[in-house]
Amino acid sequence: MSEKEKKINDEEKTIPRPEGYTIVKYLEFVVFLCYGFLGVFVPIPFMVLMKNHNYSFVLPFIVMLGSFVLFWLIGHKITEVTVNLKITDKGLEQTRLSGSKFYPEYRLIEWKDMKRFYPYGRSRGIDFLICVDSDTNFRISMPGIRVFEKQKNNTENLIAFQEEFSKMASEHGVKRSLCIIK
């Protein structure tokens with residue numbers, strides 16, 4: 001690799017931006033679909049083939065477990081994205097630094113468009129959700145099982161972001177919700 005190519009590759013690596021919070025997040029719904037749907041239906045032909053050859057119960061179970069793990073990893077790699085979140089007087093700005101193309105390169109959610117937010121998610125404490133009036137809801141999903149942690153301080157960044165967002169949201173009239181009740 002030449003020096004020029006090495007320099008370009010080094011520049012493309014994610015560098016945390018000091019004016020916001022750099023967070024690695026996932027689309028948990030897509031990961032769940034890859035994990036659940038493909039992890040169940042892909043090994044069925046193999047299990048039928050193994051049943052015809054009188055294999056023990058252990059081998060089909062290993063194939064199914066292996067496919068679950070494989071598609072869980074694929075789902076995370078497809079949807080993993082590194083974003084920079086910046087809280088301003090206008091609203092919340094999200095800039096995609098690297099990763100999945102499922103996320104927009106830049107997104108601005110204005111304070112007037114936010115209805116309420118769930119600082120710890122609706123279902124578990126590794127989500128952050130903002131309900132938006134005119135656009136899709138904004139969600140930060142962290143994996144329940146963290147095998148490949150790309151950013152060591154990801155959880156600390158999320159906690160710091162939640163605290164600052166909670167303070168700014170109360171100033172702009174965005175309601176904080178702790179459960180699904182509307």
Side-chain angles (χ1 to χ4, degrees), residues 5-39 42 67-111 113-166 168-169 174 176-177:
E5 289 174 355
K6 186 176 180 183
K7 184 178 179 182
I8 291 171
N9 286 341
D10 288 343
E11 289 173 356
E12 290 177 355
K13 290 182 182 175
T14 303
I15 299 169
R17 300 167 103 192
E19 68 269 5
Y21 300 94
T22 302
I23 296 176
V24 178
K25 64 181 192 170
Y26 306 89
L27 283 173
E28 276 298 314
F29 181 71
V30 175
V31 172
F32 177 74
L33 284 178
C34 287
Y35 171 73
F37 184 73
L38 296 174
V42 167
S67 67
F68 276 139
V69 170
L70 176 70
F71 287 113
W72 178 78
L73 288 173
I74 289 172
H76 273 281
K77 292 313 280 180
I78 289 173
T79 63
E80 180 180 276
V81 67
T82 303
V83 295
N84 181 276
L85 302 172
K86 185 176 174 184
I87 303 169
T88 63
D89 288 333
K90 194 171 185 182
L92 176 66
E93 296 178 16
Q94 172 185 293
T95 306
R96 183 182 67 207
L97 300 175
S98 66
S100 176
K101 303 297 182 196
F102 288 118
Y103 292 91
E105 197 144 330
Y106 176 81
R107 181 178 180 191
L108 172 65
I109 304 171
E110 294 183 6
W111 292 112
D113 294 334
M114 297 180 203
K115 294 189 286 189
R116 64 186 167 280
F117 73 100
Y118 298 87
Y120 307 109
R122 287 185 177 178
S123 59
R124 51 200 158 103
I126 54 176
D127 281 345
F128 179 83
L129 177 67
I130 300 172
C131 296
V132 181
D133 276 334
S134 61
D135 200 1
T136 58
N137 292 339
F138 175 82
R139 179 185 303 269
I140 298 174
S141 294
M142 300 288 193
I145 301 170
R146 297 177 188 172
V147 177
F148 304 108
E149 187 81 18
K150 273 199 159 183
Q151 186 173 327
K152 298 270 188 233
N153 58 354
N154 206 26
T155 304
E156 291 85 16
N157 284 349
L158 177 62
I159 291 169
F161 168 74
Q162 287 173 335
E163 290 172 359
E164 184 180 348
F165 185 85
S166 295
M168 290 291 288
V174 180
R176 176 182 177 161
S177 296

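Side-chain contact check for M168 versus W111: some heavy-atom pair is nearer than 4.5 Å. A 4.5 Å side-chain heavy-atom check between V81 and F102 finds every atom pair outside the cut-off.
Distance CZ/R96 to OH/Y106: 14.0 Å, rounded to 0.5 Å. Between atom CG of residue L108 and atom OG1 of residue T95 there is a gap of 9.5 Å, rounded to the nearest 0.5 Å. We find the CD-CD1 distance between E156 and I23 to be 11.0 Å, quoted to the nearest 0.5 Å. Note that the CG atom of N84 and the OG atom of S98 stand 11.5 Å from one another [nearest 0.5 Å]. Rounded to the nearest 0.5 Å, atoms CG (N137) and NZ (K115) are 7.0 Å apart. Atom OG1 of T82 sits about 11.0 Å away from atom NZ of K25, to the nearest 0.5 Å.
Summarising the geometry of S166 relative to R176, their closest heavy-atom pair is OG-NH1, 4.3 Å, with the distance given to 0.1 Å. Heavy atoms only, all atoms of each residue included: T22 and L97 are closest at CG2-CD1, 3.9 Å. Scanning all heavy atoms of the two residues, the minimum distance from S177 to P119 falls at O-CD, 3.5 Å. Taking both residues in full, the closest heavy atoms of Y103 and T79 are given as CE1-O, 3.5 Å, listed atom of the first, atom of the second, then distance.
With hydrogens and angles ignored, the 3.5 Å screen pairs no side-chain donor or acceptor of D113 with any backbone N or O of V132.
A search for salt bridge (charged side-chain N to carboxylate O under 4.0 Å, His left out) contacts involving D135 returns R107, not counting sequence neighbours. Under the rule for a ring pair (Phe, Tyr, Trp, His ring centres under 6.0 Å), the partners of F117 that lie at least two apart in sequence or sit in another chain are F165. Judged as a side chain to side chain donor-acceptor pair (under 3.5 Å), and not counting sequence neighbours, E163 has no contacts.
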Between E164 and Y21, does the side-chain hydrogen bond (donor to acceptor under 3.5 Å, both in side chains) criterion hold? Intermediate values first, please. CA-CA 10 Å; E164 184 180 348; Y21 300 94; 2.3 Å; yes
Side-chain donor-acceptor pairs of residues 85-92 under 3.5 Å, sequence neighbours excluded:
{"residue": "T88", "atom": "OG1", "partner": "K90", "partner atom": "N", "Å": "3.3"}
{"residue": "T88", "atom": "OG1", "partner": "G91", "partner atom": "N", "Å": "3.2"}
{"residue": "T88", "atom": "OG1", "partner": "G91", "partner atom": "O", "Å": "3.0"}

